[in-house]
Number of protein chains: 2
Amino acid sequence: MKEGPDISRIAALIGDPARANILTALMSGKALTATELASEAGVTVQTASAHLSKLEAADMIACRKSGRHKYFTLGGDDVGHALEALMGLAAGAGHLRTRTGPKDAALREARVCYNHLAGAKGIALYQGLLARGVIQERGDDVALTDAGVTFLRTFGVDVDGLRKAKTPLCRSCLDWSARQTHLAGSVGRALLARMQEIGWAERVEGTRVVQFTSKGEAAFLDTFGV
Amino acid sequence: MKEGPDISRIAALIGDPARANILTALMSGKALTATELASEAGVTVQTASAHLSKLEAADMIACRKSGRHKYFTLGGDDVGHALEALMGLAAGAGHLRTRTGPKDAALREARVCYNHLAGAKGIALYQGLLARGVIQERGDDVALTDAGVTFLRTFGVDVDGLRKAKTPLCRSCLDWSARQTHLAGSVGRALLARMQEIGWAERVEGTRVVQFTSKGEAAFLDTFGV
DNA sequence: GGGATGCTTCGGCTACGGTCGAAGTATGAA
DNA sequence: TTCATACTTCGACCGTAGCCGAAGCATCCC
């Protein structure tokens with residue numbers, strides 16, 4: 001009967017509205033304190049505290065103490081990946097939030113998904129990398145090619161440094177807004193970081209939106225456009 | 001604040017142990033009935049029924065009526081994708097159910113399903129009838145064409161006799177070994193009966209296996225092959 | 001037709017888990 | 001030291017949702 005991992009425990013954790021709000025807030029990739037998360041979730045701090053300890057016990061979030069503050073982040077890439085997959089389902093089922101603010105369009109265009117680029121730009125990036133032979137799809141997985149390594153080096157990504165970490169270099173991630181694939185993994189993260197570093201784009205404070213500069217937009221098209 | 005789709009509803013659905021078991025069982029790709037799923041989930045049929053209607057309302061599963069049975073499958077690839085992501089979170093390597101239909105090769109090849117032909121032969125028959133314009137798919141249903149009536153008459157089926165009965169002439173039936181459609185209804189029954197009558201095939205006593213003769217095999221291919 | 005099987009609906013019971021107020025602990029600032 | 005802030009623990013309340021027995025349809029078999 002009980003074969004395979006018990007998904008109900010994990011899903012039940014995400015299933016509570018307050019916890020779902022907490023996790024969604026953490027999808028921005030930013031580290032947030034318990035009080036900030038409580039306000040995001042719309043509950044009191046005591047309630048949030050209970051939720052946070054449950055999430056932490058399940059390794060869905062990680063925490064770091066700094067003075068009297070406690071900063072929370074998502075537990076890992078796989079957590080972000082699962083959350084995006086669920087968002088894809090929820091969006092398909094029409095369970096969109098009733099309030100679709102002006103941020104919504106910007107979110108669809110470009111946003112961070114945990115730590116890498118998502119939205120229309122994320123998909124364009126993925127397809128550009130594919131077309132240029134930087135990455136290659138292998139079944140459900142995606143891998144960096146030899147040519148891709150040199151490409152990344154000239155773009156300014158420390159590939160050898162990434163290799164030392166145990167996290168996978170490339171990983172595909174399903175986009176909830178467009179239902180297409182974009183690039184996750186340490187390479188995905190490094191690419192976004194590099195784009196911010198060279199001034200192509202910057203994060204909009206307090207949201208998941210990534211705003212490209214006009215120069216960055218052009219350069220992006222030039223470097224990754226199909 | 002509240003960005004993106006509401007994942008908590010979907011996650012809460014998966015979060016119930018009974019429903020999680022149901023979904024895990026359906027991950028095999030096999031279509032299962034409500035009672036089978038109830039036993040998989042470890043609850044009574046009434047409880048399972050309630051769960052199934054909730055899952056269906058959320059488009060997480062799809063259902064198909066076939067006689068007095070109701071076959072359920074996963075709602076789509078994205079559902080499977082999300083479940084896999086959750087399994088990855090829950091325990092790293094998830095051992096999926098891999099029950100693949102009847103073990104007996106003969107059963108998979110050709111067997112009776114209530115009263116009509118199922119298995120590989122049943123599927124081939126259905127597709128042959130479709131290709132020859134004998135039957136026509138109409139949404140989820142299937143109907144006998146005018147050309148089909150004459151075809152059946154020359155094959156030796158008493159179509160007018162069948163029409164007198166109140167049971168529907170054609171009905172599609174989901175194959176449990178191959179997860180494809182074959183033909184049920186009174187025409188499906190009559191076709192199998194006729195094949196036995198003219199010596200193409202015979203039932204193996206005490207089992208559901210249908211054994212084709214070598215002549216019957218050739219004639220079947222000739223008459224219904226694509 | 002009668003009987004059996006598969007599924008659904010209804011009603012009521014129960015328990016689990018989310019919620020908050022209040023009090024308790026830790027860290028930093030004055 | 002004393003106060004202020006950030007977070008946790010405790011206890012109690014309460015609503016929701018899962019559960020099953022019984023009865024009601026629908027379908028098929030003989």
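Values in this document were obtained by computation on a predicted structure and should not be read as measured data. Letters go in sequence order (proteins before strands), and every chain restarts at 1. Hydrogens, waters and symmetry mates are skipped; everything else that's a heavy atom, side chains included, is used.
Applying the salt bridge (charged side-chain N to carboxylate O under 4.0 Å, His left out) test to pairs two or more places apart or on separate chains, those with a residue in residues 216-226 of chain B are B/Lys121-B/Glu217.
Remark: P of C/dT8 and CG of B/Leu55 are 12 Å apart, rounded to the nearest angstrom. In this entry the distance linking OH of A/Tyr71 with C1' of D/dC7 reads 13 Å, nearest Å. Whole-Å rounding puts the A/Gln46 CD to D/dA12 P distance at 16 Å. Going from atom CG of B/Asn21 over to atom P of D/dC19 covers 10 Å, rounded to whole Å. The CD1 atom of A/Ile22 sits 14 Å away from the C1' atom of D/dC7 (whole-angstrom rounding).
For B/Gln196, the side-chain contact (heavy atoms from CB on, under 4.5 Å) partners two or more places apart in sequence, or in a different chain, are B/Leu192, B/Arg203. In this structure, the side-chain contact (heavy atoms from CB on, under 4.5 Å) partners of B/Lys215, at least two apart in sequence or on a different chain, are B/Thr213. Legend: residues meeting ring pair (Phe, Tyr, Trp, His ring centres under 6.0 Å) with A/His116, ordered by chain and number and at least two apart, are A/His182. Every residue two or more places apart in sequence or in another chain that forms a ring pair (Phe, Tyr, Trp, His ring centres under 6.0 Å) with B/Phe224 is listed here: B/Phe155, B/Phe220. Residues passing the side-chain contact (heavy atoms from CB on, under 4.5 Å) test with A/Thr35, sequence neighbours excluded: A/Thr33, A/Val45. Remark: B/Thr145 pairs with B/Gln136, B/Ala147 by the side-chain contact (heavy atoms from CB on, under 4.5 Å) rule, at least two apart or across chains.
By the neighbour-count criterion of 12 heavy atoms within 6.0 Å, atom CZ of B/Arg194 is densely surrounded, having more than that number from other residues, nucleotides or ligands.
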Could you list the protein-to-nucleotides 2-6 of chain C atom pairs, N/O on both sides, closer than 3.5 Å?
from: C/dT5; atom 1: O2; to: B/Arg68; atom 2: NH1; distance (Å): 3.3
from: C/dG6; atom 1: O3'; to: B/Arg68; atom 2: O; distance (Å): 3.4

Distances under 3.5 Å between nitrogen or oxygen atoms of protein and nucleotides 13-18 of chain D:
from: D/dG18; atom 1: OP1; to: B/Arg19; atom 2: NH1; distance (Å): 3.2
from: D/dG18; atom 1: OP1; to: B/Arg19; atom 2: NH2; distance (Å): 2.7
from: D/dG18; atom 1: OP2; to: B/Lys54; atom 2: NZ; distance (Å): 2.6

